[in-house]
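Comments concern the structure below.
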Amino acid sequence: MIKVNVDMNKCQHYGQCVFEAPNIFKLNEDDKLEYVATADDSELGNIEAAIDVCPMQAIFIVD
Amino acid sequence: MSEGVVVVGASMGGLRLAESLRRFGYTGPVRIFGNEGHPPYNRPPLSKDLLSAAEIDFAEVAFPQRSATADVEWNLSAEAVTADLSNQHITISGGEQVSFEHLIIATGLRSKRLGFESFPGERHALRSFEDAKALRSKLGVGSKIVIVGSGFIACEVAATATKLGCEVHIVSPSKSPMDRALGEKLSAVVKLRLEAQGITFHMQATVIELIGSNRLEAVALSDGSTVRCDSLVEAIGSEANCEWLAGNDLDITDGLLCDGSLRAVRASGGSWPNVFGVGDVARFPNPIFDATPRRIEHWNIPTESAKFVGQQIAASYNSIEATVEVFRPLPSFWSDQFDMHIFGLGMSYLADESKLVHGDISGDCVFEFTREGVLVGVVGIGHRSVVQNYRSALER
């Protein structure tokens, strides 16, 4: 399993990650980011892509 | 003997290219050369959070590096000075010759500067970490700052400096700030919102003289006025770092001209099969919009172009077909200024018409941009989900 962490002090809720890893990230009705903190290993590529496109570089995989 | 992949440019594009090569199965050597002394870092905070931090810490902006690219060779403070594409080598400052099988040109941009020769100490630009550090030391309560230019970086620096207590003036030949991306109607309203926060605009004006004896004291403007200042920030745009490629049968008039697969176009016809442009140095046609090659200075382009090129190269080494043959990225951009969160998709600046489709123009709102009736861009203040939902309509 992969543990995902988003630094919510950095996150500006742009939602770029949503398109790279839609199973992990979403913008709620208030335009705020929500995410699942544990993901299946098969999501690794998507999560890494989400990390890459985050303008605030706020997404991390926790070891 | 395989010389593998050589990347010139050790910033975000170079890093993402190395990651992409490894992800798509290229296992050979990757050597990266960059003129800055720092490993790759994220530039957007330079005009925002980092510029207002009490202590500027490089760790805040450094990109984390992955184990998959641990064997990549990084050569920092190593500027490429010439290239010989026919003989497949480049020359690094100091004279070292480096051979390549594939060459990636990711040398990015540098800030354009005003022509004045004098007053070097109080004149700033904002492109690198070192630029941000130098400018940060000049921003404090009561400092008088003149910013030349009214694009995104100019307005972000203006917002940050205002929040730090500076007196901020923007001087620009444009009619209203960020008008190229926001369109005439929205930028006119944004100007009012920035003025309400305390920024003074001198629009449709240019700086004609720097005034002062030992230090900068004021700038004289083309409209006849004089603005007192302690520091000058030149945010008048960027130019591509591609002079070092001269003499190689390339078109480097405004960035490196590339074809639809990001291969460098030969001026005499065809393309170099093993030379690619990545990031904002590359001028390429984007079939989402039209056949005109353009440089795109948005943050998502280095990452997307690096992924695309890395896959092409890895596929060629493994004798397989790449899954995507033509590069067609959807540009995206954002900017945070005071309470305004600007977010755009596409190329609003190609539009001949814009229309408010959501919200209220004086507050959070979304504009559609069309060219000859076809949607080419969407820009919102707030309402990020609404903007994001245009993605598939724009990608077509």
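Order of the sequence lines sets the chain letters (A, B, ...), proteins ahead of strands, with each chain counted from 1.
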B:T303 versus chain A, heavy atoms under 4.5 Å apart: side chain, backbone, both or neither?
side chain
Would you call the rings of A:Y14 and B:W334 parallel, tilted or perpendicular, taking 30° and 60° as the class edges?
tilted
Heavy-atom closest pair, residues B:S332 and A:Q16:
OG-NE2, 3.0 Å
A:E29, part contacting chain B, at a heavy-atom distance under 4.5 Å:
neither
Pick whichever of A:M56, A:E48, A:K10 has the most heavy-atom pairs under 4.5 Å with chain B.
A:E48
What residue among B:R16, B:M12, B:E304 forms side chain to side chain contact (heavy atoms under 4.5 Å, CB included) with A:D52?
B:R16
Per-residue contact mode, B:N42 against chain A (heavy atom under 4.5 angstrom):
side chain
Side chains of A:I51 and B:R66: closer than 4.5 Å at any heavy-atom pair?
yes
Main-chain N/O of A:Q12 paired with B:R384 side-chain donor or acceptor, under 3.5 Å:
yes
For a 4.5 angstrom cut-off between non-hydrogen side-chain atoms, does B:P44 reach A:Q57?
no
Interchain contact, B:K48 with chain A, by part (heavy-atom threshold 4.5 Å)
neither
Heavy-atom side-chain proximity of A:H13 to B:H341 below 4.5 angstrom
no
Turns out that what part of A:F60 lies under 4.5 Å from chain B's heavy atoms comes down to neither
